[in-house]
Amino acid sequence: MELQKQIDSSKLPQHIAIIMDGNGRWAKNRGKFRVFGHEQGAESVREIVEACAELNIPNLTLYAFSTENWRRPKIEVQALMKLLVKALNKELPTLQKNGIRLSAIGNIEALPEKARKDLLSVMEQTETNTHMTLTLALSYGSREEITKTIQEISLKVKNNLISPSDINESIINNHLYTRDLPDVDLLIRTSGEQRISNFLLWQIAYAELHFTETLWPDYTKGHLYNAILDYQNRERRFGKTSEQLNA
Ligand code: FPP
């Protein structure tokens with residue numbers, strides 16, 4: 001049976017997060033500059049966003065640029081920012097047509113002016129869309145996010161707005177960049193690396209992890225369907241026993 005048809009629509013992950021890796025290697029394998037890999041990677045972004053919208057996945061979060069990525073050669077960072085601006089402007093009509101709300105997590109203030117401006121503009125223009133939320137992690141690092149959260153909560157304690165014993169998981173959740181998103185159900189990483197790389201450390205506490213050798217520019221709808229089928233075959237116990245779940 002066709003892969004897509006094997007997916008059980010009553011057991012869809014409500015939040016998929018993807019570490020898009022392997023653009024550089026994909027380009028190198030073809031004797032091209034790394035930027036060429038990122039350009040092809042942007043095409044995969046388009047295909048996977050479309051696939052998630054078609055499947056009715058309500059939340060998709062993509063690791064597009066980490067806090068650590070600022071250490072890359074300046075020319076590559078500039079190319080990635082340019083690619084982001086190009087993609088934002090090119091894809092706005094598609095986002096609108098498909099009811100996709102664009103959101104962002106990370107230290108957006110650190111982005112170059114043009115990228116920040118266009119990002120905020122697309123976010124504003126799509127903010128009433130309800131079919132799916134596409135979140136781009138940009139200048140994002142999970143440790144930075146958690147540190148910022150602790151600082152904000154500490155300030156509230158200092159100002160007697162809350163007491164230390166009030167601090168619970170829900171308060172912490174409400175201070176994270178992801179405060180409007182549910183926990184991640186399925187985390188995918190491409191290119192054969194099996195690391196989390198400072199991505200959504202708090203939010204993936206119970207996520208199913210799916211690693212694939214496929215390099216991101218080669219990643220297609222078929223690969224995504226396989227990842228979702230793999231997810232649907234896992235038993236998510238959340239600390240309970242198999243017997244309790246099946247009772
Ligand atoms: C990792 O590949 C990829 C990135 C650091 C950036 C992801 C960016 C895109 C997919 C391009 C466009 C994105 C948007 C949102 C329009 P890598 O460079 O680390 O690959 P390597 O490990 O093979 O060197």
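All figures in this text were calculated on a predicted structure; none of them were measured in a lab. For this chain, numbers begin at 1 and follow the sequence in order. One-based numbering, in listed order, for ligands and for the atoms of each.
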*Asks:* Is the number of heavy atoms from other residues, nucleotides or ligands within 6.0 Å of CG (Leu201) greater than 12?
*Replies:* yes
*Asks:* Looking at Asn69, which atoms of ligand 1 are within less than 4.0 Å of one of its heavy atoms?
*Replies:* 5 (C)
*Asks:* Are side-chain N/O atoms of Lys82 and His38 paired as donor and acceptor at under 3.5 Å?
*Replies:* no
*Asks:* Quick check: are there more than 12 heavy atoms from other residues, nucleotides or ligands sitting under 6.0 Å from CD of Glu169?
*Replies:*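 No, CD of Glu169 has 12 or fewer neighbouring heavy atoms, counting only those of other groups under 6.0 Å.
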*Asks:* Just let me know how Arg34 lines up against ligand 1, side chain, backbone, both or neither, with a heavy-atom cut-off below 4.0 Å.
*Replies:* side chain
*Asks:* Within a distance under 4.0 Å of any heavy atom of Trp216, pick out the atoms of ligand 1 and give their elements.
*Replies:* 10 (C)
*Asks:* Please state which protein non-hydrogen atom is closest to atom 13 (C) of ligand 1 and give its distance, to 0.1 Å?
*Replies:* Val45 CG2, 4.2 Å
*Asks:* Looking just at side-chain N and O atoms, do Thr178 and Gln203 make a donor-acceptor pair shorter than 3.5 Å?
*Replies:*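 The criterion, which ignores hydrogens and geometry beyond distance, is satisfied for Gln203 and Thr178.
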*Asks:* Going by atom types alone, do Asn107 and Ser139 pair a side-chain donor with an acceptor below 3.5 Å?
*Replies:* no
*Asks:* Please report which non-hydrogen protein atom sits nearest to atom 3 (C) of ligand 1, along with the residue it belongs to and the distance in Å to one decimal place.
*Replies:*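 Result for atom 3 (C) of ligand 1: Met20 O, 3.2 Å.
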*Asks:* Can you tell which part of Leu62 has a heavy atom less than 4.0 Å from ligand 1: side chain, backbone, both or neither?
*Replies:* neither
*Asks:* So between Glu39, Glu43, Arg72, whose heavy atom ends up nearest atom 17 (P) of ligand 1?
*Replies:*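 Nearest option to atom 17 (P) of ligand 1, by heavy atoms: Arg72.
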*Asks:* For ligand 1, which atoms sit closer than 4.0 Å to a heavy atom of His38?
*Replies:*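 Within the 4.0 Å cut-off of His38, ligand 1 contributes 11 (C), 18 (O).
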*Asks:* Mind telling me whether Phe199 and Tyr140 have parallel, tilted or perpendicular rings, with 30° and 60° as the class edges?
*Replies:*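 Ring orientation, 0 to 90° scale: perpendicular.
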*Asks:* Just wondering, are more than 12 heavy atoms of other shown residues or ligands nearer than 6.0 Å to NZ in Lys148?
*Replies:*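 Counting neighbours around NZ of Lys148, more than 12 heavy atoms of other residues, nucleotides or ligands fall under 6.0 Å, so yes.
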*Asks:* I need the nearest protein heavy-atom contact for atom 9 (C) of ligand 1: residue, atom name and distance, please.
*Replies:*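 So the nearest neighbour among protein heavy atoms is Asn23 ND2, 3.7 Å.
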*Asks:* Show me which atoms of ligand 1 lie under 4.0 Å from any heavy atom of Ala87.
*Replies:*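 In order of numbering, the contacting atoms are 16 (C).
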*Asks:* Non-hydrogen atoms of Ser191 versus ligand 1: any pair closer than 4.0 Å?
*Replies:* no
*Asks:* Is it true that atom CD of Glu124 has more than 12 heavy atoms of other residues, nucleotides or ligands lying nearer than 6.0 Å?
*Replies:*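 Incorrect, the count does not exceed 12.
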*Asks:* Between Thr212 and Arg189, do the side chains contain a donor N or O and an acceptor N or O under 3.5 Å apart?
*Replies:* no
*Asks:* Should you measure from each heavy atom of Arg25, which atoms of ligand 1 turn up under 4.0 Å away?
*Replies:*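 Once the distances to Arg25 are compared, the set is 21 (P), 22 (O), 23 (O).
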*Asks:* Give the atom numbers and elements of ligand 1 that come within less than 4.0 Å of a heavy atom of Gly24.
*Replies:*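 It comes down to these atoms of ligand 1: 17 (P), 18 (O), 20 (O), 21 (P), 23 (O), 24 (O).
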*Asks:* Nearest to atom 7 (C) of ligand 1, what protein heavy atom do you find, and at what distance?
*Replies:* Ala64 O, 3.5 Å
